[in-house]
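A, B, ... follow the sequence lines: proteins, then strands. Residue 1 opens every chain. Everything quoted here is computed from the prediction, not taken from an experiment.
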There are 2 protein chains.
Amino acid sequence: MSKPNDFSIRCQNCSFNHLCIPVALNQTEMQSLDEIIERKRPLHKNDQLTIPGQKFTSLFAVRTGSFKSYITSPDGEQQITGFHFPGDVVGFDGLYSEKYQSYTQAMETSMVCELPYDKLDTMSAQLPTLRKEMLKIMSTEINQDHSLMMLLNKRTAEERLAHFLINLSDRFKSRGFSPAEFNLTMTRNEIGNHLGLTVETVSRLLTRFQKEQIIKVDGKNIQIQSIEILREKLGEHVANKKACG
Amino acid sequence: MSKPNDFSIRCQNCSFNHLCIPVALNQTEMQSLDEIIERKRPLHKNDQLTIPGQKFTSLFAVRTGSFKSYITSPDGEQQITGFHFPGDVVGFDGLYSEKYQSYTQAMETSMVCELPYDKLDTMSAQLPTLRKEMLKIMSTEINQDHSLMMLLNKRTAEERLAHFLINLSDRFKSRGFSPAEFNLTMTRNEIGNHLGLTVETVSRLLTRFQKEQIIKVDGKNIQIQSIEILREKLGEHVANKKACG
DNA sequence: GGGAAAATTTGATGTAAATCAAGTGAATAA
DNA sequence: TTATTCACTTGATTTACATCAAATTTTCCC
């Protein structure tokens, strides 16, 4: 049985390992981790990596492409909980109850590294750094969710979209991509869904930002002309401190 | 040095151990866990258990009383990310970066069990169940945050408050308290802050629910007269499925 | 216990973003 | 290539909730 592992795709030479689980591991440890990883065939656009109710077996690290995660309410409404790019690890929602709780869907042709949880767990008994790293990644996700909570509760539509664009820019930058020009793999509708806005509002805001010379929009292509002004849009909040304790 | 541990406060006879970290541990394991736990003097109302930037050393299990967690924006605005009751474990936000990221403040006189992280980590190397349990609790928190995201993005003020009351009722029930009558330890302002509503809206809704004979409100005291109608308020959503993928 | 401060309620008014509507443009498949 | 669907844009109108305002009522100290 020759696993796709043979294609010399290794954590050691992955350009996203500084963002991914291997970040804190030394060479030997990374080697061990590498050996348990399964690298499968690519997923195509709209393929589901996880579905709610499906038995939790693995975590997944995005290797190429991009994904969206979403949950649904009983009446079928969707809520996009996050977008994922290379180096991001998904699937932690499945640890509770041994079943995935959300959909994870490819937004374009994408590849993932599968990390079988039982093997990861066995390894983590021996490797404190790995144990810590997994908790750290989950902790990061919790903190991001809390920030988003504030964004959704306290910020205007304009501030939300500014935050979204800055966030994308930062994430692309840390992945070695251009922070100033990138293609959106998600639709306006998906951006709005995630930010609690309608597609019309997102569209109008992109147009407005373009008129204000902050960005250039050409369909899916975004050029950021002034990240400073974009950041100001977040800061320009009037201190409106309402004590709550 | 006699630790407060002497007061025969033990995980073994704690009435909330079915909700807390010990849930999956056997007697021997629970004993070991119990030995690393530090039980300190009570916190008073408004005391801070954690502050952003403070070095992360421990997780905390609420033993009695209640807490709120919140983060602040650069301009001082607060966002309450959650309320915590006996059996809840807090502090996971600190694992990322070794510093707590949020405030955890007592809403009334409260006691906690302190779980020093380094000892917990050492133990977890030996105990797969403990290792798993910690990840599970974090996973639960992630899933709760995702549900809240949908609540904030897709639900009306009425639905949010209904959800909040049902959630409180459920949590009190699983703790052996009455699900039908309880005292709010948080203010209307704090409820609104958490749900993305103003204090006026929360007040008006409580009045409305009372007029509709769903609840009885007397200051901090809430009696739920019909949890069914409250649940209907969540379900009565018109299926408004907007595909996003 | 009494006086200040904080929390709550209720009403009147304003507004940001949703909804409704109608078109153009881009992607996909036959 | 063309047909068909889906994505996006722009404008007009509506609305749920915020904001502003002003009484109570409750809580908290000194």
Nucleotides 8-12 of chain D: which of its N/O atoms have a protein N/O under 3.5 Å away?
| residue | atom | partner | partner atom | Å |
| --- | --- | --- | --- | --- |
| D:dC8 | OP1 | A:K220 | NZ | 3.1 |
| D:dC8 | OP2 | A:R188 | N | 2.8 |
| D:dT9 | OP1 | A:R188 | NH2 | 3.3 |
| D:dT9 | OP2 | A:R188 | NE | 3.0 |
| D:dT9 | OP2 | A:S203 | OG | 2.8 |
| D:dT9 | O5' | A:S203 | OG | 3.1 |
| D:dT10 | OP2 | A:T207 | OG1 | 2.8 |
| D:dG11 | N7 | A:R204 | NH1 | 2.8 |
| D:dG11 | O6 | A:R204 | NH2 | 3.4 |

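- Distance B:M107 CE to C:dA7 P: 14 Å, rounded to the nearest Å.
- OP1 or OP2 of D:dC17 has not a single side-chain nitrogen or oxygen of B:T198 nearer than 4.0 Å.
- In this structure, the CG atom of B:L197 is 14 Å from the P atom of C:dT9, given to the nearest Å.
- Taking CG from A:L230 and CD from A:E212, the interatomic distance works out to 10.0 Å, rounded to the nearest 0.5 Å.
- Rounded to an integer number of Å, the gap from B:I222 CD1 to C:dT8 P is 11 Å.
- For B:S139 against A:D93, the heavy-atom pair with the smallest separation is OG-O, 3.3 Å.
- Every ring-ring contact (aromatic ring centres under 6.0 Å, His included) that A:H194 has, sequence neighbours left out, goes to A:F83.
- Residue A:H44 contributes atom NE2, which lies 12 Å from atom P of C:dA29 at whole-angstrom precision.
- Looking at heavy-atom distances under 4.0 Å, A:G192 makes no contact with the nucleic acid at all.
- For A:T156 and C:dA16, the shortest distance from a side-chain N or O to OP1 or OP2 is not below 4.0 Å.
- Between A:E108 atom CD and D:dA7 atom P there is a gap of 16 Å when expressed in whole angstrom units.
- Judged by distance alone, with hydrogens and angles left aside, the side-chain atoms of B:R160 form a donor-acceptor pair with the main-chain N or O of B:R155 at under 3.5 Å.
- Across the interface with DNA chain C, nearest-nucleotide mapping of A:R160 and A:D218 shows A:R160 to be the residue nearer the 5′ end.
- Within the model, atoms CG of B:N143 and CZ of A:F92 stand 12.5 Å from one another, a figure rounded to the nearest 0.5 Å.
- Residues that satisfy the ring-ring contact (aromatic ring centres under 6.0 Å, His included) test with A:Y96, not counting sequence neighbours, are absent from this structure.
- Taking both residues in full, the closest heavy atoms of A:I9 and A:R39 are given as O-NH1, 3.1 Å, listed atom of the first, atom of the second, then distance.
- Summarising the geometry, atom CD belonging to B:Q78 is positioned 13.0 Å from atom CG belonging to A:N153; distances are rounded to the nearest 0.5 Å.
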Applying side-chain contact (heavy atoms from CB on, under 4.5 Å), run through B:K40 and B:E114 and close with a yes or a no. CA-CA 8 Å; B:K40 302 193 177 171; B:E114 178 167 359; 2.7 Å; yes

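- When atom types are taken as modelled, the side chain of B:T207 and the backbone of B:S203 share a donor-acceptor pair closer than 3.5 angstrom.
- At whole-Å resolution of the value, CD1 in B:I191 and P in C:dA7 are 13 Å apart.
- Overall bending of the helix from C:dG1-D:dC30 to C:dA30-D:dT1, expressed as the angle between end axes built from five pairs apiece, is 60° (10° steps).
- Listed by chain and residue number, B:Y100, B:Y117 satisfy the ring-ring contact (aromatic ring centres under 6.0 Å, His included) test with B:F56 (two or more places apart in sequence, or in another chain).
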Enumerate all atom pairs, one protein N or O and one N or O from nucleotides 28-30 of chain D, separated by less than 3.5 Å.
| residue | atom | partner | partner atom | Å |
| --- | --- | --- | --- | --- |
| D:dC28 | OP1 | B:K45 | NZ | 3.0 |

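- Across the protein-nucleic acid pair, B:N183 atom CG and C:dA7 atom P stand 17 Å apart, rounded to whole Å.
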